[in-house]
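Please see the structure below; I have some questions.
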Protein chains: 2
Amino acid sequence: MTTRTGDGTGAFIGAIADAGERVTLPRRAVARMVAAHDGHFTAAQLMDDAAAAGEPIGRATIFRALDLFTSLGLVERVDLPDGNHAFVACEAVHHHHAICTSCGRSTDIDDGALGEALAALGRQAGFRVMAHRLEVFGLCADCGASKS
Amino acid sequence: MTTRTGDGTGAFIGAIADAGERVTLPRRAVARMVAAHDGHFTAAQLMDDAAAAGEPIGRATIFRALDLFTSLGLVERVDLPDGNHAFVACEAVHHHHAICTSCGRSTDIDDGALGEALAALGRQAGFRVMAHRLEVFGLCADCGASKS
DNA sequence: GTAGATGCAAAACCTTTGCATTTTG
DNA sequence: CAAAATGCAAAGGTTTTGCATCTAC
């Protein structure tokens with residue numbers, strides 16, 4: 001890892017460089033926009049953001065950058081309740097997302113008891129768990145409070 | 001973990017009727033095909049199945065039936081690791097799926113310790129959990145055994 | 001008999017790909 | 001300077017929609 005500035009963007013740039021990938025202008029822009037979102041976002045949304053920021057980026061580039069970030073573990077793909085695809089920024093360590101259905105912000109939650117539950121599954125069913133994904137939907141503290 | 005062999009079709013038909021929806025021939029066919037799968041399946045797959053069974057069903061009908069089944073809680077949409085959409089048949093009771101990446105079969109797993117973990121999240125972060133989805137990927141007992 | 005479902009085909013969508021041009025290291 | 005990334009636009013695949021016809025109740 002290299003630089004790690006406060007806005008989270010630095011971590012992205014550092015990770016890209018560390019992976020031996022080129023740190024290009026579009027990738028910096030995408031990293032900045034991803035870091036700016038504190039909730040989930042779609043590829044289309046990022047394109048709009050870029051355009052709005054006066055720095056339009058091609059669809060292909062957005063998707064390629066997102067692919068790169070995903071392979072580096074910087075973002076993760078999630079499937080919203082409505083069936084749409086979206087992405088969320090995430091830390092390298094394993095965790096899950098609690099997504100607010102009202103404001104769209106996501107909170108990271110750690111494995112907690114889940115790890116044990118999965119281990120139990122392995123023992124009971126002979127299932128060898130290779131990966132798992134947990135998505136939690138609901139109202140965050142703010143939205144829950146304002147909506148009674 | 002539940003067994004889904006034989007004709008879970010009856011349950012589908014019953015649920016459709018109970019919901020006041022019409023029990024049509026295409027819906028019966030889709031229900032039968034869904035029940036026949038013990039793993040996840042895609043909309044396209046069902047169309048192929050129908051065609052292969054000598055009872056072709058239009059794409060639109062497949063999707064509409066799948067929508068209906070989803071709203072009735074008979075099937076659930078899942079997002080595979082490769083980003084594709086698929087569906088899995090499910091019991092009305094809450095549970096999750098352990099999907100084998102080798103043979104594609106899915107095993108139902110119950111909440112287990114997960115419920116408590118989520119309750120803890122609610123207490124700690126003030127997050128009001130409305131829904132959650134857990135997808136586990138790995139090798140089932142059979143595939144795990146045959147692959148070392 | 002009537003509301004609702006079906007099927008077809010076209011439209012909408014989202015994501016990926018090819019290739020010439022530009023940028024990075 | 002060479003290798004890799006970008007952008008455009010077109011291709012590819014999937015899901016949705018409109019409308020006439022047919023079916024379940």
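Convention: sequence-line order gives letters A, B, ...; per-chain numbering from 1.
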*asked:* Using the ring pair (Phe, Tyr, Trp, His ring centres under 6.0 Å) criterion, which residues pair with B:Phe69? Sequence neighbours excluded.
replied: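 By the ring pair (Phe, Tyr, Trp, His ring centres under 6.0 Å) rule, B:Phe69 matches B:Phe12.
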*asked:* So, taking the atom named CD in A:Glu21 and the one named CD1 in A:Ile16, what distance separates them when rounded to the nearest 0.5 Å?
replied: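 The CD1 atom of A:Ile16 is 8.5 Å from CD of A:Glu21, to the nearest 0.5 Å.
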*Using whole Å, report how far CG of B:Asn84 lies from P of D:dG13.*
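These atoms are roughly 12 Å apart.
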*Indicate yes or no: at least one non-hydrogen side-chain atom of B:Phe87 is less than 4.5 angstrom from one of B:Val34.*
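B:Phe87 does not reach B:Val34 side chain to side chain.
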*Nearest-Å distance for atom pair CZ/P, residues B:Phe63 and C:dC13*: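 Interatomic distance, CZ of B:Phe63 to P of C:dC13: 16 Å.
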Under 3.5 Å, side-chain donor or acceptor atoms of residues 42-49 of chain A against the rest of the protein: list the pairs with distances, not counting sequence neighbours.
{"residue": "A:Thr42", "atom": "OG1", "partner": "A:Gln45", "partner atom": "N", "Å": "3.1"}
{"residue": "A:Gln45", "atom": "OE1", "partner": "A:Thr42", "partner atom": "N", "Å": "2.9"}
{"residue": "A:Asp49", "atom": "OD2", "partner": "A:His37", "partner atom": "NE2", "Å": "2.8"}

*Quickly work out the B:Leu46 CG to D:dT14 C1' distance and round it to whole Å.*
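About 14 Å, once rounded to whole Å.
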*Could you tell me the separation between the CG atom of B:Leu68 and the P atom of C:dT6, rounded to a whole number of Å?*
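One finds 9 Å between P of C:dT6 and CG of B:Leu68, rounded.
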*For A:Arg28 and A:Val23, indicate whether the former's side chain and the latter's backbone hold a donor-acceptor pair under 3.5 Å.*
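Not at all, since once roles are kept as given, no pair shorter than 3.5 Å links the two residues.
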*asked:* Testing the basics here: between A:Met33 and A:Ala50, what is the closest heavy-atom pair and its distance to 0.1 Å?
replied: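 Reported closest heavy-atom pair: SD-N, 3.3 Å.
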*asked:* What's the angle between the local helix axes at either end of the helix from C:dG1-D:dC25 to C:dG25-D:dC1, using five pairs per end and rounding to 10 degrees?
replied: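 Comparing the axis at each end, I get an angle of 50°.
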Could you list the protein-to-nucleotides 7-9 of chain C atom pairs, N/O on both sides, closer than 3.5 Å?
{"residue": "C:dG7", "atom": "OP2", "partner": "B:Gly58", "partner atom": "N", "Å": "3.4"}
{"residue": "C:dG7", "atom": "OP2", "partner": "B:Thr61", "partner atom": "OG1", "Å": "2.6"}
{"residue": "C:dG7", "atom": "N7", "partner": "B:Arg64", "partner atom": "NH2", "Å": "2.9"}
{"residue": "C:dG7", "atom": "O6", "partner": "B:Arg64", "partner atom": "NH2", "Å": "3.4"}

*Is there side-chain contact between B:Thr70 and B:Glu76, with at least one heavy-atom pair below 4.5 Å?*
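Not in contact.
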*asked:* According to a hydrophobic-cluster definition based on side-chain heavy atoms being under 4.5 Å apart (Ile, Leu, Val, Met, Phe, Trp, Tyr only), do B:Leu25 and B:Ile13 belong together?
replied: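 B:Leu25 does not cluster with B:Ile13.
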*Would you call A:Val88 and A:Val75 a side-chain contact if the rule is heavy atoms closer than 4.5 Å?*
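They are not in side-chain contact.
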*Mind calculating the distance between CZ (A:Phe69) and P (D:dA5) to the nearest angstrom?*
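After rounding, the reported distance stands at 12 Å.
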*Whole Å only: how far is the CZ atom of B:Arg27 from the P atom of C:dG4?*
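Distance check: B:Arg27 CZ to C:dG4 P gives 11 Å.
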*asked:* In whole Å, I'd like the distance from the NE2 atom of B:His85 to the P atom of C:dC13.
replied: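 Nearest whole value for this atom pair: 16 Å.
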*Mapping A:Ala65 and B:Ala44 to their closest nucleotides on DNA chain D, which lands nearer the 5' end?*
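Final value for this comparison: A:Ala65.
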Taking distance alone, no hydrogens or angles, what donor-acceptor pairs closer than 3.5 Å link side-chain atoms of residues 51-65 of chain A to residues at least two apart or in another chain?
none

*Between protein and nucleotides 20-25 of chain D, map the contacts as a letter string: B base, S sugar-phosphate only, - none, heavy atoms under 4.0 Å, written 5' to 3'.*
---BBS
*Using atom CE of B:Met47 as one end and atom P of D:dG13 as the other, report the distance to the nearest whole Å.*
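Taking CE of B:Met47 and P of D:dG13, I get 13 Å after rounding.
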